[in-house]
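Here's the structure, in structure tokens; my notes come after.
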Amino acid sequence: MFDRLRPRLRAYWQSLLDGLWFVPAVMIAGAIALAIVLIELSDLVDRETLVTFPRLFGANASSSRSMLATIAGAMMTVAGVTFSITVVAVTQASSQYTPRLLRNFMRDRPSQIALGTLTGVFVYCLVVLRTIRDGDDLRFIPSLAVLGAMLLALVAIGVLIYFIHHIAGALQASGILARVGGESVAAIDRLFPDGMGEEAPATAHPELDEITWHAVAAPRSGYLTGVDADGLIVFADAHDTVVRMDHGVGDFVVAGTPLAGVATAPAVDADSMADVAELFAISQYRTIDQDAAFGIRQMVDMALRALSPGVNDTTTAVTCVHHLTPVLVRLADRRIENRFRTHAGQLRLIAEGSSFDRLVWLAVDQIRRNADGNADVLAELLQCLATVIACTQDPRRRTVLRDHAELVRETADRSIDGPPANRVQVDAAFAAVQRALAAPARLISRMND
């Protein structure tokens with residue numbers, strides 16, 4: 001049961017971390033626990049410390065209440081301002097760059113921590129405030145907890161200053177691209193950890209044409225955000241069958257349409273088909289966790305918005321290509337896992353997912369088609385391709401990259417008018433591509449090595 005739920009649990013956990021509320025909620029719970037602990041410790045420590053440090057712990061009930069109320073009110077006010085700043089940042093980024101960046105700001109950890117700190121200090125003060133007693137029959141002032149509120153207020157001020165600094169940088173295009181690019185590289189390292197190797201051709205299993213497939217229907221509509229490939233292999237091995245994925249991670253699936261196919265086998269019944277569907281995680285949002293293409297999609301969208309006639313921001317488009325380059329370089333020497341997965345020598349899974357060709361096409365093609373007449377962007381695309389070519393020794397991948405470079409050159413020839421000086425940088429960049437094709441591949445140093 002747990003194995004069947006694992007992809008959905010992982011997707012649910014990721015959605016919790018990506019939400020704006022979960023981390024603040026955990027921090028609020030921690031603030032409540034801290035308040036309770038310090039209140040209990042105050043009853044044990046006060047008698048000994050009040051005499052030794054009267055200026056530090058000697059506040060009376062009235063001044064303690066006043067300080068706690070002041071801190072609580074200030075924290076709630078600042079939390080409202082912080083939330084407003086976050087909303088403005090999200091709105092500006094989505095309108096200026098691409099709506100697909102919305103969730104990047106929602107799962108921005110510094111923003112979550114800032115909101116959690118401010119609301120946590122507020123709740124902490126409320127918990128401590130209600131324990132103060134100054135009646136004749138019962139007098140209790142949790143001096144240690146009151147001192148803790150003052151220290152937490154100082155911490156909150158530091159967090160607020162850092163948050164303002166962080167959000168100012170987060171709105172800059174280069175900052176957004178650096179973060180998305182870093183997440184894309186991390187996803188590539190996680191999904192494709194191995195170096196280049198032999199990939200079995202599709203003709204290695206000619207018997208596939210004779211298989212009758214039983215469709216596994218998608219239980220809901222949405223984006224495919226995760227697949228338990230190991231679970232599918234275990235299922236196929238247990239039922240002596242073959243599973244074929246009809247969609248890859250990042251694809252949109254429609255409820256009731258085929259999600260996967262299972263080869264005819266006596267042990268496969270309706271319940272078993274339902275087990276297969278449970279190994280796929282479907283969500284209303286795409287995530288980068290198992291979808292390296294989504295990071296590339298975001299950077300390309302930013303470039304397309306910058307190249308649109310209403311914006312016409314060449315510098316931002318060039319910056320997008322700059323940050324796409326290390327992602328493609330990272331892919332250049334990585335083995336994209338073979339579609340045909342075996343276990344004990346038997347074919348068990350036909351996977352559907354990203355390929356090097358598809359990822360390069362996603363990164364280059366739309367930018368090329370929207371950069372008509374823009375020598376700066378076209379030249380930067382050629383420089384990007386030259387860099388990637390120099391980092392792979394696979395002949396087929398070099399051919400793919402060369403074909404894209406020739407398309408960029410053709411676009412420049414067709415769209416850049418005027419004197420030859422307008423094409424100097426494009427010609428120089430294409431010459432760099434030719435030199436890279438003629439030279440042996442360079443070694444690539446990996447970030448995580």
Side-chain angles (χ1 to χ4, degrees), residues 177-178 180-197 199 288 291-304 317-337 353-371 374-412 425-449:
L177 288 166
V180 175
E183 291 178 347
S184 301
V185 168
I188 291 169
D189 288 340
R190 183 172 57 252
L191 298 172
F192 316 123
D194 300 325
M196 283 293 296
E199 297 185 4
I288 205 170
D291 186 8
F294 186 50
I296 297 176
R297 175 77 270 165
Q298 293 179 70
M299 290 187 281
V300 170
D301 283 349
M302 286 186 63
L304 298 182
V318 169
T319 305
C320 293
V321 179
H322 287 164
H323 287 275
L324 281 167
T325 303
V327 176
L328 295 180
V329 166
R330 199 64 156 199
L331 283 166
D333 72 331
R334 296 301 175 92
R335 179 170 64 87
I336 311 297
E337 195 164 0
S354 298
S355 65
F356 181 81
D357 302 15
R358 178 182 175 186
L359 292 173
V360 172
W361 173 85
L362 178 63
V364 175
D365 191 69
Q366 284 187 315
I367 297 178
R368 173 188 64 81
R369 287 189 280 114
N370 284 269
N374 195 319
D376 293 322
V377 176
L378 293 174
E380 197 59 46
L381 279 176
L382 289 172
Q383 289 288 355
C384 168
L385 292 169
T387 302
V388 181
I389 288 170
C391 295
T392 180
Q393 56 185 355
D394 182 75
R396 191 182 64 81
R397 291 187 176 185
R398 286 190 158 211
T399 300
V400 170
L401 295 166
R402 182 203 64 198
D403 291 344
H404 279 284
E406 291 176 351
L407 287 173
V408 174
R409 175 68 179 270
E410 291 173 6
T411 300
Q425 56 186 330
V426 174
D427 293 338
F430 189 73
V433 170
Q434 293 176 316
R435 288 194 300 271
L437 288 169
R442 296 195 302 260
L443 293 176
I444 303 173
S445 61
R446 298 182 179 177
M447 296 179 186
N448 296 331
D449 287 353

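Computed from a predicted model, the values in this text were never measured in an experiment.
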Q: Let me see the working for Val364 and Leu407 under side-chain contact (heavy atoms from CB on, under 4.5 Å), right down to the final yes or no.
A: CA-CA 10 Å; Val364 175; Leu407 287 173; over 6 Å; no
Q. Between Ala317 and Ala303, which heavy-atom pair has the shortest distance, and what is it?
A. CB-O, 4.2 Å
Q | Point-to-point distance, once rounded to the nearest 0.5 Å, from CZ of Arg396 to CG of Asp357 | A | 4.5 Å
(Q) Looking at every heavy atom in both Leu177 and Met299, which two are closest together, and how far apart are they? (A) CD2-CG, 3.7 Å
Q) Run the side-chain contact (heavy atoms from CB on, under 4.5 Å) check on His404 and Val400 step by step: do they pass? A) CA-CA 6 Å; His404 279 284; Val400 170; 3.9 Å; yes
Q.
Let me confirm one number: the CZ-CG distance from Phe356 to Asp394, rounded to the nearest 0.5 Å.
A. 8.0 Å
Q. If you look at every heavy atom in Leu362 and Ala293, which pair is closest and at what distance?
A. CD2-O, 3.5 Å
Q: With sequence neighbours excluded, tell me which residues meet side chain to side chain contact (heavy atoms under 4.5 Å, CB included) with Ala371.
A: Leu307, Asn374, Val377, Leu378
Q.
How close do Leu382 and Val433 get, counting heavy atoms only, and between which atoms?
A. O-CG2, 3.3 Å
Q) If you look only at pairs with a residue in residues 425-435, which of them pass as a salt bridge (charged side-chain N to carboxylate O under 4.0 Å, His left out), with sequence neighbours excluded? A) Arg409-Asp427, Arg423-Asp427
Q. Looking at Arg397 and Ile336, what are the two nearest heavy atoms and their distance?
A. NH2-CG1, 3.6 Å
Q. Which heavy-atom pair separates Ala292 from Ile188 by the least distance, and what is that distance?
A. CB-CG1, 4.0 Å
Q: For Arg358, enumerate each residue passing the side chain to side chain donor-acceptor pair (under 3.5 Å) test, keeping only those at least two apart in sequence or located in another chain.
A: none
Q) Under a 4.5 Å cut-off applied to non-hydrogen side-chain atoms, are Leu401 and Thr392 in contact? A) yes
Q) Given side chains that start at C-beta, do those of Gln393 and Asp333 come closer than 4.5 Å, heavy atoms only? A) no
**Q.** Straight-line distance of Leu328 CG to Leu385 CG, nearest 0.5 Å
**A.** 7.5 Å
Q: For the residue pair Ile288 and Ser184, establish whether any side-chain heavy-atom pair is separated by less than 4.5 Å.
A: yes
Q: Go through the structure and list residues passing side chain to side chain donor-acceptor pair (under 3.5 Å) with Gln434, not counting sequence neighbours.
A: none
Q: Could you pull out all residues at least two apart from Asp403 that satisfy side chain to side chain contact (heavy atoms under 4.5 Å, CB included)?
A: Thr399, Glu406
Q: Measure the spacing between SG of Cys320 and CD1 of Ile296 and express it to the nearest 0.5 Å.
A: 13.0 Å
(Q) So, using side chain to side chain donor-acceptor pair (under 3.5 Å) as the criterion, who are the partners of Thr319 when residues are at least two apart? (A) none
Q.
Taking side chain to side chain donor-acceptor pair (under 3.5 Å) as the definition, give me every residue that meets it alongside Asn370, ordered by chain and number, with sequence neighbours left out.
A. none
Q. Hey, what do you get for CZ (Arg297) to CD (Gln366), rounding to the nearest 0.5 Å?
A. 4.5 Å
Q) Taking only residues two or more places apart in sequence, or in another chain, which ones meet Asp365 in a salt bridge (charged side-chain N to carboxylate O under 4.0 Å, His left out)? A) Arg368, Arg369
**Q.** CG on Leu359 to CZ on Arg330, rounded to 0.5 Å
**A.** 14.5 Å
